[in-house]
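For reference, the structure discussed in these notes is given below.
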Amino acid sequence: MSGRQLHLALSAGVGGVHQGAWRRPDSRTEQWGTPELVIALAQETEAAKFDAFFLSDISAPNRALTRVQAPYLYFEPLTAAVAIARATSHIGVIATASTTFHEPYNLARQVATLDHLSGGRAGWNAVTSSVGEQNFGRRPWPDHAGRYERAAEFLDVVEQLWDSWEQDAVRHDRAAGVFADIDKIHPIDHAGTHFAVAGPLNVRRTPQGRPVIVQAGSSPAGRDLAARHASMVFTAQRELAEAQQFYRDLKSRARGHGRPDTDVAILPGVSPIIGDSAADAEEIRESLLDLVDQPTATARLADQLGGIDLSDIGFNEPIPVERLPAAGDIERRRSRFQIFADLAREERWTVRQLVGLEVASYGHWRLVGTAEQVAAELERWFLARGADGFVLMPPYQGALTRFYQWVVPLLQDRGIFRREYEGRTLRDHLGVSYPANRWAS
Ligand SMILES: Cc1cc2nc3c(=O)[nH]c(=O)nc-3n(C[C@H](O)[C@H](O)[C@H](O)COP(=O)(O)O)c2cc1C
């Protein structure tokens, strides 16, 4: 297959599904969160030749949302990833784990183990997290900048640990009685602001050398972290022009860190509703919105907008923009706040419109149309370098089936998506290089 190819990942995990989806008669909500469903979903995604199965995660349930919304999966991602890896053969398996709530040694070890158990298909989505601190006894909760500072050191330590065993460190020399060449297994002796880690890791070098790091935070601090360490970036972009700007910025930051920009694949999220006709797709969109609990959805929107009060604002009224805080005052989801605040300020969106965006796609790009329209739009963004691919966030299960059965063949016919896997590892699928071990001569 020639030419630049699209990369696709399926987002499965908390969030990513329309708040009303489970109430559809055909939702099979009773099976959500069972191991059988998770495995079947991963196998279907592999049959569609996706690059990766992506497990997002939040370390605490949202009480109000739990009353009205079914999480699609509620497993700890790294544990689930092992079961998925053993039930599939080619697809990459990406697990989310927070740099704020973990320790680098344990995490490096877990992800390295996943890389071995999957034969080189492991990815780690390194997030700084915007919620969940109540479960980790950490007071005070570090601010946005503090969380990114910790993340930068965290990732540096993890990469050092993954390099700590050289490729040929294990010798199996029975005659000489030497199992491993100890000169090729290196302590890291890291003593930093947040972590003190002697190393080396107790897992040998993995099939990918270093498992794939994915980054999902879009503020300048998040972009910089991605530019230094990530091979894949998950981002929320709603307009092509903004997506192009993000794409250019991230690629140039990667070059600034001495990396070829082809080593970072940029995948905005996309939430498609695919109809038999454009009118059918619109109808599905409206019917999903009717299944949403309005007070809960409005409260969540208010939270997304920096915790402003919307209780006195009618569902069809515009957001009172004078109540919006400055982006710099947002300590949690700053880049996501910006998306919602811009629509309120510049487009004068109503509560209903913004709730529609929030419950459908959490601020990610929404596509509503026929399979042909959806395929054409994805191709447009891809060719215009707004994206190297997409993280698919199907709003309800039927959208996923339609994407696999209707949209994937159209992308293949357009020559921009693989018909068969060509490599075996996640790095192969993403077309990113294998980093050299810093110790190798
Ligand atoms: C596309 C995207 C996906 C994210 N997914 C997760 C997630 O699964 N779990 C999590 O704890 N945080 C997640 N985050 C939150 C980030 O880790 C980060 O804490 C937050 O976005 C604030 O950083 P930012 O302003 O740089 O975006 C995600 C952020 C983005 C932009």
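Heads up: numbering here begins at 1 and tracks the sequence. Indexing begins at 1, ligand by ligand and atom by atom, following the structure's order.
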Any chance the side chains of Arg333 and Ser130 put a donor and an acceptor closer than 3.5 Å?
yes
Looking only at side-chain N and O atoms, does Asp388 offer a donor or acceptor that is under 3.5 Å from a partner on His7?
no
My understanding is that we take every heavy atom of each candidate and find the minimum distance to atom 26 (O) of ligand 1. Doing that for Gly222, Ser11, Ser59, Ser219, which one comes out nearest?
Ser219
Backbone of Val68 reached by a side-chain donor or acceptor of Trp22 within 3.5 Å:
yes
Under 3.5 Å, N or O to N or O, is Ser129 touching ligand 1 that way?
yes
Applying a heavy-atom cut-off of 4.0 Å, say which part of Thr96 lies close to ligand 1: side chain, backbone, both or neither.
side chain
Ligand-residue contact atoms, ligand 1 with Arg336, heavy atoms, under 4.0 Å:
1 (C), 2 (C), 3 (C), 29 (C), 30 (C), 31 (C)
Between the side chains of Arg418 and Asp51, is the shortest nitrogen-to-carboxylate-oxygen separation below 4.0 Å, so that they form an ion pair?
yes
For Ala221, state whether at least one heavy atom is located under 4.0 Å from any atom of ligand 1.
no
Contact list for residues 63-92, test salt bridge (Lys or Arg N to Asp or Glu O under 4.0 Å), sequence neighbours left out
Arg67-Asp293
For ligand 1, which atoms sit closer than 4.0 Å to a heavy atom of His144?
22 (C), 23 (O), 24 (P), 25 (O), 26 (O)
Among Gln215, Arg332, Met393, which one puts a heavy atom closest to atom 20 (C) of ligand 1?
Arg332
Glu46 (side chain) donor-acceptor with His90 (main chain) under 3.5 angstrom:
yes
Answer yes or no: is there an ion pair linking Asp249 with Arg253, defined by an N-O contact shorter than 4.0 Å?
yes
Between Ser218 and ligand 1, does any nitrogen or oxygen pair lie at a separation below 3.5 Å?
yes
May I ask you to decide whether Glu286 forms a salt bridge with Arg352, counting only side-chain N to carboxylate O separations under 4.0 Å?
yes
Can you find an N/O atom of His364 closer than 3.5 Å to an N/O atom of ligand 1?
no
Atom indices of ligand 1, in the order listed, that fall short of 4.0 Å to a heavy atom of Tyr148
23 (O), 24 (P), 26 (O)
Any N or O of Ser56 that comes nearer than 3.5 Å to an N or O of ligand 1?
no
Name the option, out of Arg333, Gln237, Glu331, that contains the heavy atom nearest to atom 15 (C) of ligand 1.
Arg333
When you compare ligand 1 with Thr128, is there at least one nitrogen or oxygen pair between them that comes in under 3.5 angstrom?
yes
Which atoms of ligand 1 are found less than 4.0 Å from any heavy atom of Ser130?
19 (O)
Does a side chain donor of either His364 or Gln237 reach within less than 3.5 Å of an acceptor in the other side chain?
no
Assess the side chains of Glu422 and His429: does a donor N or O sit below 3.5 Å from an acceptor N or O?
no
Quick note on ligand 1: atoms under 4.0 Å from a heavy atom of Arg334 include exactly 25 (O)
